[in-house]
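A note on names: the letters A, B, ... follow the listed sequences, proteins ahead of strands, and every chain is numbered from 1.
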Protein chains: 2
Amino acid sequence: MKEGPDISRIGSLIGDPGRANMLSALMSGKALTAGELASEAGVLLQTASGHLAKMEEGGLIRRNRQGRHHYFVLADEDVARVLEALMGLAAKRGQLRTRTGPRDPEMRFARVCYNHLAGDLGVALFDALKRDQALMVGVDGLELTQTGQQQIDALGIHVDPKGRAPLCRECLDWSERRSHLAGRLGRAILDHLYSEGWAERVADSRVVSFKPKGLGQFKAAFGIS
Amino acid sequence: MKEGPDISRIGSLIGDPGRANMLSALMSGKALTAGELASEAGVLLQTASGHLAKMEEGGLIRRNRQGRHHYFVLADEDVARVLEALMGLAAKRGQLRTRTGPRDPEMRFARVCYNHLAGDLGVALFDALKRDQALMVGVDGLELTQTGQQQIDALGIHVDPKGRAPLCRECLDWSERRSHLAGRLGRAILDHLYSEGWAERVADSRVVSFKPKGLGQFKAAFGIS
DNA sequence: CAAACACTACGGCCCGTACCGAAGCATTAA
DNA sequence: TTAATGCTTCGGTACGGGCCGTAGTGTTTG
C-alpha cells in the first residue's frame with residue numbers, strides 16, 4: 001500500500017537515545033551549542049556533531065552559527081508539539097526513565113514547552129482562559145475573544161496581532177494529559193512571567209521556577225485558584 | 001539532565017520503515033492479520049512477527065487471537081493521534097514517499113483516521129460543527145452543545161453519552177494541516193456514513209469512498225458547502 | 001489421522017550506524 | 001604569529017538489529 005507520508009525517517013531520528021536527549025533538552029526553547037548537546041546526550045563532540053547534522057537535514061532542528069559556536073534550536077513549534085505528544089505516549093506507557101529525573105516534580109508543576117508554559121500551571125492557565133471566555137473556538141481554530149484581548153491588554157501583555165504563526169494553539173501536555181496554551185499568545189504570556197519577575201528559568205532545565213510572590217500574582221492575574 | 005519521559009523507545013519503533021508501514025496500514029482502523037501486515041511491510045511473515053511483538057511490547061498495538069489468526073489494531077486513539085501528527089511533520093518536510101501512492105488525491109479528500117473521518121471532508125465537517133455552535137470549548141476541552149446534541153439526534157446518530165474516552169477531541173490532519181473531529185462523536189459520525197450507505201471503505205486502504213448521492217446527503221446534513 | 005494453514009521461536013548472516021581517535025577548518029585570544 | 005577553542009570530517013571498529021531459512025506450536029480442514 002504505502003499510502004501517506006513516510007514517518008519512518010523522523011521516527012528513526014527520534015529513535016536514537018542520544019538524539020532524543022538532545023531534542024528533550026531543546027524543548028527548553030533555549031539555543032544550545034553542539035558541545036552542550038553532546039554532554040546532554042552523553043557522547044563526544046564528534047558523535048554529537050554527526051547527530052546534529054542528521055537532525056538538521058531531517059528538518060527537526062535549525063542551526064545558527066555565531067563565531068565559533070553553533071547554536072541549535074528546534075525547527076519550529078510543530079516539532080515541539082510532536083515531541084510533547086510523544087512524551088505523553090511514553091509517560092502513559094510507563095516508559096519513564098529508569099532513573100527518573102531529580103527535578104521531576106518541578107517539571108510537572110511548571111516547565112517550558114518550547115516557548116510557552118506547560119505542566120500543572122500551564123494547564124490551569126489554559127483552563128482559566130477558557131472559563132473566562134477569553135478563548136473560543138472559531139472556524140480557524142482557537143481564537144482570542146475581545147474579552148480576552150482586554151484581559152491581556154490590562155495585564156500589559158503585548159502580542160503582535162499579525163504574524164504567520166497562529167495566535168492561539170493547543171498543545172497536549174505530557175504530564176497532565178490535557179492541553180495547555182501554545183502559539184504566539186502562549187509565548188507572550190511566558191515572556192511576561194519572566195519580564196515581570198514572577199518566575200525565572202532554571203539553568204540546564206525546562207523547569208520554570210516561580211517566586212512565592214510571583215506565583216500569587218500570576219494566579220491572581222488569570223484567576224487561577 | 002535526562003528529564004522527562006523517554007521518547008527514544010517509541011521513536012525507534014516507528015523508525016523502521018517496515019513497522020512504519022504497518023502502523024500506517026493500521027491507521028485505517030481495521031484489524032489486520034500478521035500476514036496482511038507482513039505484505040504491507042514488504043517482509044516475510046517471520047520478520048513481521050518479530051516486529052509485531054516489539055510494537056505490542058512497546059504499547060503501540062494490541063493483539064486479538066482468533067483461531068489461527070492474530071488480528072492487530074492500534075493500541076488506542078492516542079497512538080493514532082501521534083502517528084497522524086508525525087505524518088503532518090513528514091508531509092511538511094517534503095518527505096513524501098518517493099513513489100507517491102496511487103490514491104493520494106483520494107486520501108487527501110476523505111480517509112479514515114483510526115476510527116473517524118479525516119482529510120478535506122473531515123476538516124470541513126469539523127469547521128461546520130464549530131460554525132453552527134454544535135461544538136464549543138469548555139474547561140474540559142471540546143464539548144458538544146445542546147444545539148449540537150439536537151443536530152445529531154435529528155440525524156439519527158447515536159453516541160453513548162457516557163464512556164471513558166472523550167466525546168469530542170481534535171486531531172491534527174496531516175494533509176490539511178488543520179484539525180478534524182476525533183473522539184467518540186467522530187467515530188459515531190463515521191459509522192453513520194457507512195450505515196446510511198453514504199460512503200464505504202476501500203479495501204486495503206484508508207480511503208473513504210463517497211457515493212455521488214451520499215456525498216450530497218452528507219454535505220446537506222451538516223451544512224457543508 | 002494427516003495435511004494445510006497462520007503464526008511464533010531460534011540461529012546465523014549481513015548491513016547500517018553509533019561511537020571514538022585523529023586530523024582538518026574556522027574563529028578567537030594572547 | 002602562535003596557541004587555544006569549538007566544531008566538522010574522515011577512517012576504522014564494534015555492536016545492534018533487520019532479514020530470512022529452518023523448525024516448532026497451535027488451529028482448521030479433509
Side-chain angles (χ1 to χ4, degrees), chain A residues 2 6-26 30-73 95 97-98 204, chain B residues 1-2 6-26 30-73 95 98 204:
Chain A
K2 315 240 191 309
D6 179 16
I7 57 179
S8 70
R9 285 185 62 87
I10 294 180
S12 67
L13 285 176
I14 302 174
D16 176 80
R19 286 193 292 257
N21 284 338
M22 295 183 186
L23 290 170
S24 295
L26 289 173
K30 280 186 274 201
L32 300 174
T33 67
E36 291 168 324
L37 289 166
S39 81
E40 201 70 37
V43 294
L44 293 189
L45 186 55
Q46 313 92 284
T47 304
S49 175
H51 286 316
L52 291 166
K54 283 178 187 172
M55 290 195 284
E56 186 183 19
E57 164 77 22
L60 294 186
I61 60 176
R62 280 182 296 115
R63 177 191 308 244
N64 273 317
R65 287 166 229 251
Q66 280 183 23
R68 56 185 172 188
H69 295 276
H70 290 210
Y71 285 95
F72 294 89
V73 292
Q95 295 177 352
R97 295 179 185 286
T98 45
D204 296 340
Chain B
M1 284 297 285
K2 311 243 192 310
D6 178 17
I7 57 179
S8 69
R9 285 184 62 87
I10 294 179
S12 67
L13 284 177
I14 302 174
D16 176 79
R19 286 192 293 257
N21 284 338
M22 294 183 187
L23 291 171
S24 295
L26 290 173
K30 279 184 277 201
L32 300 174
T33 66
E36 290 168 325
L37 290 166
S39 80
E40 201 71 36
V43 294
L44 294 188
L45 185 55
Q46 314 91 287
T47 305
S49 175
H51 286 316
L52 292 166
K54 283 180 186 170
M55 291 195 284
E56 185 184 20
E57 164 77 22
L60 294 186
I61 60 177
R62 281 182 295 112
R63 177 191 308 244
N64 272 316
R65 287 166 229 251
Q66 280 183 24
R68 56 185 172 188
H69 295 275
H70 290 211
Y71 285 96
F72 294 89
V73 292
Q95 294 177 352
T98 46
D204 296 341

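- Rounded to an integer number of Å, the gap from A/Tyr71 OH to C/dA26 C1' is 16 Å.
- What you find for B/Ala31 and B/Glu36 is that their closest heavy atoms are O-OE1, 4.4 Å.
- Nearest to the side chain of A/Arg19, among C/dG21, C/dA18, D/dG18, sits C/dA18.
- B/Leu37 places its CG atom 16 Å from the P atom of D/dG18, with the value rounded to the nearest Å.
- Atom CD of A/Gln46 and atom P of D/dG12 are 16 Å apart (whole Å).
- Nucleic acid contact class of A/Leu45 (heavy atoms, under 4.0 Å, all strands): base.
- For A/Ser49, whose side chain is taken as the heavy atoms from C-beta onward, the closest listed nucleotide among D/dT8, C/dC20, D/dC19 is D/dT8.
- The minimum heavy-atom distance between B/Lys30 and B/Leu26, with the atom names listed, is O-CD2, 3.8 Å.
- Nearest nucleotide to the B/His70 side chain, out of C/dC7, C/dA18, C/dA22: C/dC7.
- Computed from coordinates, the B/Asn64 CG to D/dT27 C1' distance equals 17 Å when rounded to whole Å.
- Heavy-atom distances to DNA chain C give each of B/Ala48 and A/His51 a nearest nucleotide, and the one nearer the 5′ end belongs to B/Ala48.
- Between the side chain of A/Arg19 and the backbone N or O of A/His51, no donor-acceptor pair lies under 3.5 Å.
- Proximity note for A/Arg63 (side chain, C-beta onward) versus D/dT22, D/dG18, D/dC7: the nearest is D/dC7.
- Nearest-nucleotide positions on DNA chain D place A/Gly35 closer to the 5' end than the other of A/Gly35 and B/Ala41.
- The side chain of B/Thr33 sits closest to C/dC7 out of C/dC7, D/dG18, D/dT22.
- Put simply, CD on A/Glu36 is 16 Å from P on D/dT5, counting in whole angstrom units.
- With A/Ser49 contributing its side chain and A/Leu45 its backbone, the two residues share no donor-acceptor pair below 3.5 Å.
- For B/Ala34, the listed nucleotide lying nearest its side chain is C/dC7; candidates were C/dC7, D/dC7, C/dC20.
- Here the nucleotide nearest the side chain of A/Arg68, chosen from D/dT5, D/dG18, C/dG21, is D/dT5.
- Between the NZ atom of B/Lys54 and the P atom of C/dA9 there is a distance of 13 Å, rounded to whole Å.
- For the side-chain contact (heavy atoms from CB on, under 4.5 Å) with B/Tyr71, the qualifying choice from B/Leu32, B/Leu37, B/Asn64 is B/Asn64, the only one to do so.
- Of the side-chain N and O atoms in A/Thr47, one or more sit less than 4.0 angstrom from OP1 or OP2 of C/dC20.
- If you take CD1 of B/Ile61 and C1' of C/dC7, they are 14 Å apart, rounded to a whole angstrom.
- The NE2-P distance, from B/His69 to C/dT8, rounds to 12 Å in whole Å.
- Using a 4.0 Å heavy-atom cutoff across all strands shown, A/Arg65 reaches no nucleic acid atom at all.
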